[in-house]
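Here the structure is laid out as structure tokens; the discussion comes afterwards.
Every heavy atom of this structure was used, including side-chain atoms; hydrogens, water molecules and symmetry mates were not. Here the structure is a predicted model, which means the values were calculated and not measured. To find a chain, count down the sequence lines: A is the first, B the second, and so on, and within it residues start at 1.
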Amino acid sequence: MAIQIYNTMSRRKENFEPLNPPNVTIYNCGPTVYDRFHIGNARNFIFMDMVRRWLEYRGFTVRFVQNLTDIDDKIINRARAEELDFRAITGRYTAAYFEDAGRLGVRPADVHPKATEHIGDIVKLIQRLIDRGLAYEAGGSVYFSVKSFKPYGKLSGRKTEDLLEGARVEVSAEKRDAADFALWKAAKPGEPKWDSPWGPGRPGWHIECSAMAMVELGETIDIHAGGIDLSFPHHENEIAQSEGATGKPFARYWMHNGFLNIDSEKMSKSLGNFLRADQILERWPAAAVRHFLLSGHYRSPLDLSENAMEDSASAVKRIQDGIETAEKLLELVSGKTTDGETDETRELRERVETAMDDDFNTPRALAVLFDAVGLIHETRKQVEGDGEERLAAIGRLSALLAFVREFAEFFGLTASIGASTADKLVEPLMQLLIETRALARKRKAFDVADMIRDRLADIGISLEDHPQGTIWKRKE
RNA sequence: GGAGACGUAGCCAAGUGGUAAGGCGACGGACUGCAAAUCCGUUAUUCGGCGGUUCGACUCCGCCCGUCUCCUCCA
């Protein structure tokens, strides 16, 4: 069964067939580095990183490119406000991007191209569009002529006429049509600028993605992705620029994730109702944030709330506890585990694969993971019991543990496990305390036993008594 | 005005033309010296409303109500 991907262009799920299997090229529209990104941006980063990993899991060789927009109005404004060179701003927030993304478990792309490092490629592409009669120079700026590109609007389902009637687009005497958009912006006094055949200026927003995607991935890429708000005008314009210049399809699959809402409204910088990723990470573990973002289908809107985060934190705890309990229990009873699969885990794996192959249905895949955790606890009882079945149960438990661990890691839900590397002294000291408490309990000195447990609880360690012995865990 | 998405239990959220996954929460029980963890049971005769198609719809069609998004920078 092939992987199915919902293509915004066709508005339906399609079988995924890359241009040159097993290679897959992905271009994801990255952040403008004028501020730390918010949790809504993170939804896209985390999701696309997971798409990349799922394709790798499925045997594809993925080349993943995500740009960093490092020149635009917002950056210039911020630089002005702070009285700094714009490069100081982009440098600071580029570093912040990698820091926050890393904490969220998002891998760096294979390449993170920057607009300012591709001015030459951008200029060449603009020239190509002028040569083809699709763009024109006016007053030192260059505009794309929307009317001369017939398929304009095919991604977002818009008609050029409607756009012109909308008339909410930027009015400019230089443009032949209101819907035309800038490829090259003539420099105003004091703005960063680069030389070009049309005079000093800087690239427009949309052109960098076309130019860099082509340079890094070729004229036709497999998957182009971004938030749904980018479908128009950004992606529409990219198509116009790229296909206008090459005459080839720009991207085979367009993937757009839904918004992250807060109080049922889109979270956005302009509305001011956003929460930065670094802020949310101060309060919640990365694993909980990831669970929350993956708990809904990527194309649906997701509503962030205190309650939703609490639910996710509890849900993640169930998985992590399941893993930890199984690990420690296996150590307690046998000291060694095997990683072999069983019919049971093969079936679970198949369910995850079916869910993920179906347009990356993470909620369904997570449900399988929770089912597996349930099976761990069921098996645990057999391991704790006596008799014949115990040996078989140990094998079953190890297989389930390996399965849950594999996919919990795949989805990034184990992030906080082992986050603090335990001092070598901790384990033997814990054993000492556990043995002391066991002795106290045996002698019915429950006040002593409870004191040990309570004091450990105070410092963040919980004890669980099992028939085979006592397990300790760190709390959050 | 144009384009589109969505409306499933207390909350979050999958799903299918054949009789409702999973998570969180709640309640009852088991286990425990007491806990914690876990387990068992209960928690949507019903999928925004009204019609229609069908042997049968939550799933298909129509209308209505409600929420949201895009059409302007935005993941």
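A distance of 10.5 Å separates CG of A:Leu401 from OG1 of A:Thr379, quoted to the nearest 0.5 Å. Rounded to the nearest 0.5 Å, atoms CG (A:Leu366) and CG (A:Asp371) are 11.0 Å apart.
Taking the P atom of each, B:G41 and B:C47 are spaced 26 Å apart, rounded to whole Å. With both ends at atom C1', the span from B:C12 to B:G4 equals 24 Å, rounded to whole Å. B:G28 and B:U69 have their P atoms separated by 42 Å, given to the nearest Å. For the P atoms, the distance linking B:A57 with B:U67 amounts to 30 Å, nearest Å. Spacing between B:C60 and B:A5 at atom P, rounded to whole Å, works out to 13 Å. With both ends at atom C1', the span from B:U59 to B:C6 equals 16 Å, rounded to whole Å. Comparing the same atom, P, in B:U38 and in B:G23 gives a spacing of 12 Å after rounding to whole Å. Spacing of C1' atoms, B:G22 relative to B:A30, comes out at 24 Å, to the nearest Å.
Across the interface with RNA chain B, nearest-nucleotide mapping of A:Ser231 and A:His297 shows A:His297 to be the residue nearer the 5′ end. Where A:Lys74 and A:Ser300 each meet RNA chain B at their nearest nucleotide, the meeting point lying more 5' is that of A:Ser300.
Residue A:Gly40 is in base contact, counting any heavy-atom pair closer than 4.0 Å across all strands shown. A:Met48 comes within 4.0 angstrom of no nucleic acid atom, judged by non-hydrogen atoms across all strands. Looking at heavy-atom distances under 4.0 Å, A:Ile471 makes no contact with the nucleic acid at all.
The nearest whole Å value for the distance from the CG atom in A:Asn257 to the P atom in B:C6 is 15 Å. Remark: P of B:G15 and CZ of A:Arg364 are 6 Å apart, rounded to the nearest angstrom. The CG-C1' distance, from A:Asn237 to B:C73, rounds to 13 Å in whole Å. A straight line from CG of A:Asp357 to P of B:A14 spans 18 Å, rounded to a whole angstrom. In this structure, CG of A:Leu369 is placed 15 Å from C1' of B:A14, rounded to the nearest angstrom. A:Ile262 has its CD1 atom 15 Å from the P atom of B:C68, to the nearest Å. Rounded to a whole Å, the CG atom of A:Leu302 is 13 Å from the C1' atom of B:C6. Nucleotide B:C70 holds its P atom 15 Å from the NE2 atom of A:His235, rounded to whole Å.
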Given A:Lys328 and A:His466, is the side chain to side chain contact (heavy atoms under 4.5 Å, CB included) satisfied, shown in steps? CA-CA 11 Å; A:Lys328 297 211 164 166; A:His466 295 272; over 6 Å; no
Evaluation steps, salt bridge (Lys or Arg N to Asp or Glu O under 4.0 Å), between A:Arg176 and A:Asp180: CA-CA 7 Å; A:Arg176 290 180 191 167; A:Asp180 291 352; over 6 Å; no
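Pairing partner, B:U53: none, since no Watson-Crick or wobble contact has both distances short of 3.5 Å. Partner assigned to B:U32 is none, using Watson-Crick or G-U wobble distances below 3.5 angstrom. In this entry B:U69 has B:A3 as its Watson-Crick or G-U wobble partner, both defining distances falling under 3.5 Å. In this structure, B:G25 and B:U43 make a Watson-Crick or G-U wobble pair, each of the two defining distances being under 3.5 angstrom.
The side chain to side chain contact (heavy atoms under 4.5 Å, CB included) test with A:Asn67 is passed by exactly one of A:His118, A:Lys114, A:Glu208: A:Glu208.
Between A:Tyr253 and A:His224, the ring centre distance reaches or exceeds 6.0 Å. For A:His256 and A:His235, the distance between ring centers is under 6.0 angstrom. Aromatic rings of A:Phe37 and A:Phe45 (six-membered ring for Trp) have centroids within the 6.0 Å cut-off, being under it.
Between the side chains of A:Gln66 and A:Tyr97, at least one donor N or O sits under 3.5 Å from an acceptor N or O. Residues A:Arg12 and A:Ser10 have side chains that never bring a donor and an acceptor to within less than 3.5 angstrom of each other.
Candidate nucleotides B:G15, B:C68, B:U72 were compared by shortest atom distance to the side chain of A:Asn361, and B:G15 ranks first.
Each salt bridge (Lys or Arg N to Asp or Glu O under 4.0 Å) pair with one or both residues in residues 62-73 of chain A, not counting sequence neighbours, appears once here: A:Arg63-A:Glu216, A:Asp72-A:Lys74, A:Asp73-A:Lys185, A:Asp73-A:Arg202.
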How does protein contact run along nucleotides 32-37 of chain B, one letter per nucleotide 5' to 3', with B for base contact, S for sugar-phosphate only, - for none, heavy atoms under 4.0 Å? -BBBBS
Considering only nitrogen or oxygen atoms on both sides, find all protein atoms under 3.5 Å from nucleotides 22-25 of chain B and state each distance.
| unit_1 | atom_1 | unit_2 | atom_2 | d |
| --- | --- | --- | --- | --- |
| B:G23 | N2 | A:Asp311 | OD2 | 3.4 |
| B:C24 | O2' | A:Asp311 | OD1 | 2.4 |

